Asks: 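Here's a structure for you.
From a predicted model like this one, the values you see are computed outputs, not experimental measurements.
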Amino acid sequence: MDEKLGSIIRQNKKIGATFFRKSFISILLILCAFNLFAYDKNRPKIGLVLSGGGARGLAHIGVLRALEEKQIPIDYIAGTSMGAIVGGLYATGMSTDDLEWVVKSIDWDRVFRPTTDRKQQQYSAKQADKNYFVDLELGLSKAGPKSGKGFAGGQHLMLELQRIVGSIKEQNFDEFPIPFRAVATDLNTAEPYILDHGDLAMAMRASMAVPLVFGPVEHQGRLLADGGILNNLPVDVAKEMGADITIAVNISSPLAKVDASSSIISVSYQSVDVALVQNTIQSLALADIVIAPILKDLGASDFVKYEQFISAGINGVMSKSLVLDHLSLSKNDYLTMIDSRNLLIQEIPKLIDFVSFNGNDRTSVERLSRKTKHLIGKPFVTSEIQDLSDEIAVDNDILTVTYKVITNEVNQQGIEFNIKEKSWGPDYLKFGLKVADDFDSNTRISLLARHHRYNINRKGGEWINDFSVGSVLKWRSELNQPLDFADKFFASATLLLSKDSRRFYGNIFNNTEGGNPNNDSEFDVQPTGEYDIKDYNFGLDLGMNITENSEFRAGLWFMDQNVVSVINDSEFETAINRSTGVRFKYGLDTLDKAIYSRSGIDLKTELGFFDDVQWFNFDVFQRFPISDNTAIHLGFQGDFVHNAEDGEVLFAYGGLENFAGYPQHSLLGLNAIVMEVGAFTELDKINLPIFGSPKFIIKGHLGNVWQHHIEFEDMLYGYSAGLSVDVVNTVLFLGSGYTDGGNFRFYLRLGTGF
């Protein structure tokens with residue numbers, strides 16, 4: 001009886017437990033259903049409008065983070081320029097933490113660099129860049145001369161956007177987790193152009209095509225520039241998308257103060273900013289809620305100060321709590337809305353099955369394939385694709401290289417590189433300027449120009465012509481022909497005609513002295529004559545690009561040099577006089593910048609075996625960074641000549657570049673040694689308009705110039721020092737120098753090639 005009762009009790013407990021579980025689950029389902037249906041889908045739709053403003057646009061991240069904390073839903077996003085980038089990334093489903101990571105991961109200096117990474121350039125291109133204004137390039141074609149479209153082609157900006165966005169399958173911006181619009185300016189219709197579909201990275205790039213910074217973008221059959229030109233705060237676009245309430249975030253820079261004493265540059269910038277501010281004011285009147293983060297002295301280029309921008313954005317939202325809090329959703333409603341959004345899927349192949357190219361009219365497929373064939377069969381790695389795009393874009397006939405993942409007709413996945421060649425080619429002109437004043441009536445001025453024709457044939461043959469007019473009259477013409485599609489080996493033919501007008505000093509006409517100041521303790525620093533050094537050279541070389549940083553070439557050359565008296569009847573001979581022989585040259589350049597590099601080595605060496613004379617010379621210096629602003633400089637230069645006659649000369653020293661206490665070209669001889677040690681530091685606490693922070697440079701030197709016999713006890717010591725400012729390889733230097741046995745001298749340098 002007891003056992004039967006116990007069995008009944010146990011059975012009832014089991015039934016009760018089952019009933020309780022089922023009832024509990026049913027209640028949960030009812031509650032979930034109630035919560036789901038409780039979410040008001042008919043609530044007013046909120047549109048977020050993000051303005052442009054360069055680095056100031058990073059404040060948008062803080063605004064988004066604060067809106068999330070307040071549980072304020074965002075139903076639509078419209079943005080311009082930097083607002084389009086931040087808004088576009090957020091619209092794909094990225095979190096604000098993701099956006100902050102993006103900002104940290106971008107090399108902003110690289111993004112705004114006007115040329116490709118110097119480390120990617122071949123040795124010959126690195127040397128040419130030292131002498132010419134960066135990106136001041138004219139194109140020559142049948143249609144006449146043309147210029148480039150921006151200081152930076154936008155190569156690195158586009159690659160960074162592609163790295164971040166990836167290959168998103170969804171091309172309709174209405175189907176994003178948050179519907180999105182980017183605003184650009186159609187340069188041909190003078191109207192805002194709304195980007196609502198297509199490649200997201202390209203849309204963001206077009207919206208940020210800031211005039212004079214990035215070139216415009218050819219996209220969707222239009223030539224597009226920065227949207228801020230006509231609609232910097234696109235409130236109207238958000239309303240057209242369906243927003244009932246618009247929250248506008250204005251981070252654009254306020255107008256500066258100009259007056260009658262302002263520079264022409266300041267007035268020009270102000271003229272552009274006036275139009276942008278005016279269209280922003282008109283948009284502000286349309287917005288329901290305006291958030292204007294207080295950015296104080298934070299500028300449009302201060303990308304490294306992202307934490308301050310984000311903090312300012314958060315504070316900007318908090319200051320508007322009274323008008324924003326009524327838009328907040330309950331926690332459950334907000335989570336329901338967030339959970340309904342899915343991060344957009346990126347199309348990334350496991351293995352790259354093929355590589356193709358688009359847009360390469362002048363650049364041969366063989367050359368491009370040679371650089372990319374190693375990708376086939378390998379996993380897709382974004383950083384490798386980026387670096388390879390940069391490597392391809394090093395070709396100076398190419399403006400930008402972008403990529404996308406595509407699928408072919410047999411369902412294989414691969415990479416398509418979009419090659420955008422310069423529209424202002426195929427012949428190009430670059431210009432340079434050299435002004436050297438020693439404040440002793442010896443001012444040397446030369447205007448430089450280079451003509452460059454690329455892709456003469458499928459292997460990438462080039463024709464280069466360098467011209468100089470002024471103190472140096474020169475024409476140098478080189479025909480360079482790669483011997484393979486990898487640009488590893490090449491042959492070249494070079495012709496050089498030049499006349500260098502120089503002053504000479506001291507008793508240079510005594511065959512036993514040769515201008516050596518140590519043989520004449522009272523070295524005469526007054527000019528004793530003016531002469532023209534005339535050169536005629538022709539040579540055929542075979543060469544090899546050992547790496548992208550180094551080049552070796554050897555060839556048969558005919559060289560003739562003579563001195564023609566202009567003022568002074570005395571004459572003397574040079575060691576090269578209608579001489580034929582073999583010349584070997586090796587160069588290495590790993591500097592991170594063309595001028596004022598903080599790291600790397602620059603080496604040039606030459607060995608000549610000619611019937612009348614033989615020589616060996618080298619010029620090497622290395623930079624060692626010791627802080628973010630300071631680097632140590634070590635240099636060593638030498639010239640050694642064999643089999644020259646007494647009284648002949650081959651090399652000229654003196655001036656700021658070596659013996660700063662003597663006039664330029666005043667120390668003549670056949671053998672020389674110069675050792676240098678110094679440093680330069682950037683005075684970052686001084687920030688000049690346009691020029692930025694000046695640099696202080698100081699170098700000590702030890703060496704001498706001899707006719708035949710090198711005597712180390714005759715070494716001269718001295719220094720040079722000065723301040724320099726530079727704008728993309730254009731230098732303005734003012735300084736002084738002294739060398740034992742010479743004078744204390746002042747120097748001015750202006751232009752390129754220093």
Side-chain angles (χ1 to χ4, degrees), residues 21-50 60-79 83-103 164-182 196-197 200-201 203-204 238 241-247 249 288-289 291 310 313-314 317-318 320-321 324-348:
R21 284 198 301 271
K22 289 183 178 180
S23 300
F24 181 75
I25 292 172
S26 299
I27 292 170
L28 284 179
L29 290 174
I30 293 171
L31 289 173
C32 289
F34 177 81
N35 283 335
L36 180 61
F37 288 112
Y39 173 53
D40 184 8
K41 293 185 177 181
N42 296 319
R43 62 171 176 77
K45 303 299 182 182
I46 300 174
L48 183 65
V49 184
L50 306 178
H60 294 319
I61 300 175
V63 169
L64 288 166
R65 181 168 290 168
L67 292 177
E68 287 180 345
E69 291 176 359
K70 286 183 173 295
Q71 298 173 182
I72 296 175
I74 304 299
D75 300 289
Y76 306 102
I77 296 179
I85 292 179
V86 174
L89 296 179
Y90 191 73
T92 65
M94 284 190 178
S95 68
T96 53
D97 288 339
D98 294 332
L99 294 178
E100 188 170 349
W101 171 84
V102 165
V103 173
I164 297 162
V165 174
S167 299
I168 294 177
K169 291 182 179 180
E170 184 58 64
Q171 299 283 293
N172 183 353
F173 297 172
D174 280 331
E175 299 301 321
F176 283 11
I178 303 176
F180 169 69
R181 297 290 186 271
D196 59 2
H197 68 282
L200 177 61
M204 294 189 294
M241 294 174 72
D244 301 304
I245 299 173
T246 53
I247 302 174
V249 185
D288 298 300
I289 300 172
I291 298 172
I310 293 173
I314 293 173
V317 172
M318 295 307 172
K320 292 285 187 176
S321 294
L324 288 172
D325 286 347
H326 74 282
L327 299 176
S328 299
L329 298 181
S330 67
K331 185 175 182 179
N332 288 336
D333 287 352
Y334 188 74
L335 291 176
T336 300
M337 181 201 70
I338 295 298
D339 290 342
S340 67
R341 295 173 178 170
N342 296 316
L343 184 68
L344 289 182
I345 299 174
Q346 297 188 12
E347 188 177 20
I348 299 177

Asks: Any side-chain heavy-atom pair from Leu99 and Ile310 closer than 4.5 angstrom?
Replies: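 Sidechains of Ile310 and Leu99: no contact.
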Asks: Can you list the residues that meet the side-chain contact (heavy atoms from CB on, under 4.5 Å) rule with Ala66, with sequence neighbours excluded?
Replies: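 side-chain contact (heavy atoms from CB on, under 4.5 Å) list for Ala66, sorted by chain: Ile314, Val317, Met318.
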Asks: Tell me, do Leu200 and Leu344 make a side-chain contact under 4.5 Å, heavy atoms counted?
Replies: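 SC-SC contact between Leu200 and Leu344 ruled out.
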Asks: So how far is it from Asn172 CG to Asp196 CG, rounded to the nearest 0.5 Å?
Replies: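 CG of Asp196 is found 7.0 Å from CG of Asn172.
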Asks: If I take atom CE from residue Met337 and atom CD1 from residue Ile72, how far apart are they, to the nearest 0.5 angstrom?
Replies: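 Spacing of CE (Met337) from CD1 (Ile72) equals 10.5 Å.
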Asks: What's the shortest heavy-atom distance between Ala238 and Val49, and which atoms?
Replies: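 For Ala238 and Val49, the tightest heavy-atom pair comes out as CB-CG2, 3.7 Å.
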Asks: May I have the step-by-step check of side chain to side chain contact (heavy atoms under 4.5 Å, CB included) for Ile164 and Ile85, ending in yes or no?
Replies: CA-CA 11 Å; Ile164 297 162; Ile85 292 179; over 6 Å; no
Asks: Do Met204 and Leu89 come close enough that some side-chain heavy atom pair is under 4.5 Å?
Replies: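 In contact.
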Asks: Starting at OG of Ser95, measure out to CD of Glu68 and round the result to the nearest 0.5 Å.
Replies: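 So the OG of Ser95 and the CD of Glu68 are separated by 7.0 Å.
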Asks: Looking at side-chain heavy atoms only, is the closest gap between Thr336 and Leu329 below 4.5 Å?
Replies: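 No, side chains not in contact.
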Asks: Looking at residues at least two apart in the chain, or sitting in another chain, which of them share a ring-ring contact (aromatic ring centres under 6.0 Å, His included) with Tyr90?
Replies: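 Once residues adjacent in sequence are excluded, Tyr90 has no partner under the ring-ring contact (aromatic ring centres under 6.0 Å, His included) criterion.
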Asks: For Asp97, check salt bridge (charged side-chain N to carboxylate O under 4.0 Å, His left out) against everything at least two apart and list the hits.
Replies: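 Counting only residues at least two positions away or on another chain, Asp97 forms a salt bridge (charged side-chain N to carboxylate O under 4.0 Å, His left out) with Arg65.
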Asks: If we check salt bridge (charged side-chain N to carboxylate O under 4.0 Å, His left out) with Arg43, which of these qualifies: Asp244, Asp75, Asp333?
Replies: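 Going through Asp244, Asp75, Asp333 one by one, the salt bridge (charged side-chain N to carboxylate O under 4.0 Å, His left out) with Arg43 is satisfied by Asp75 alone.
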Asks: Hey, are Ser328 and Asp325 close enough side-chain-wise for a donor-acceptor pair under 3.5 Å?
Replies: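 On atom types as modelled, these side chains do not qualify, holding no pair under 3.5 Å.
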Asks: Would you say Ile77 and Phe176 make side-chain contact, with heavy atoms under 4.5 Å?
Replies: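 Not in contact.
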Asks: For residues Ala84 and Ala182, report the shortest heavy-atom separation together with the two atoms involved.
Replies: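 The answer is CB-CB, 4.1 Å.
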Asks: Quick check: closest heavy atoms across Phe180 and Ala91, and the distance to 0.1 Å?
Replies: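 Between these two residues, the closest heavy atoms are CB-CB, 3.7 Å.
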Asks: Are any non-hydrogen side-chain atoms of Ile247 and Ile46 less than 4.5 angstrom apart?
Replies: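 SC-SC contact between Ile247 and Ile46 confirmed.
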Asks: Hey, what do you get for OH (Tyr334) to CD (Glu69), rounding to the nearest 0.5 Å?
Replies: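 Result: 9.5 Å between the selected atoms.
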Asks: So, taking the atom named CG in Leu48 and the one named CD1 in Ile74, what distance separates them when rounded to the nearest 0.5 Å?
Replies: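 Reported to 0.5 Å precision, the distance equals 4.5 Å.
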Asks: In Å, rounded to the nearest 0.5 Å, how long is the span from NE2 of His197 to CZ of Arg181?
Replies: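 Reported to 0.5 Å precision, the distance equals 10.5 Å.
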Asks: Please give me the minimum heavy-atom distance between Gly93 and Pro177, naming the atom from each residue.
Replies: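 Looks like N-CG, 4.0 Å.
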Asks: Taking the side chain from Thr96 and the backbone from Ile61, do they hold a donor-acceptor pair closer than 3.5 Å?
Replies: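 Not at all, since once roles are kept as given, no pair shorter than 3.5 Å links the two residues.
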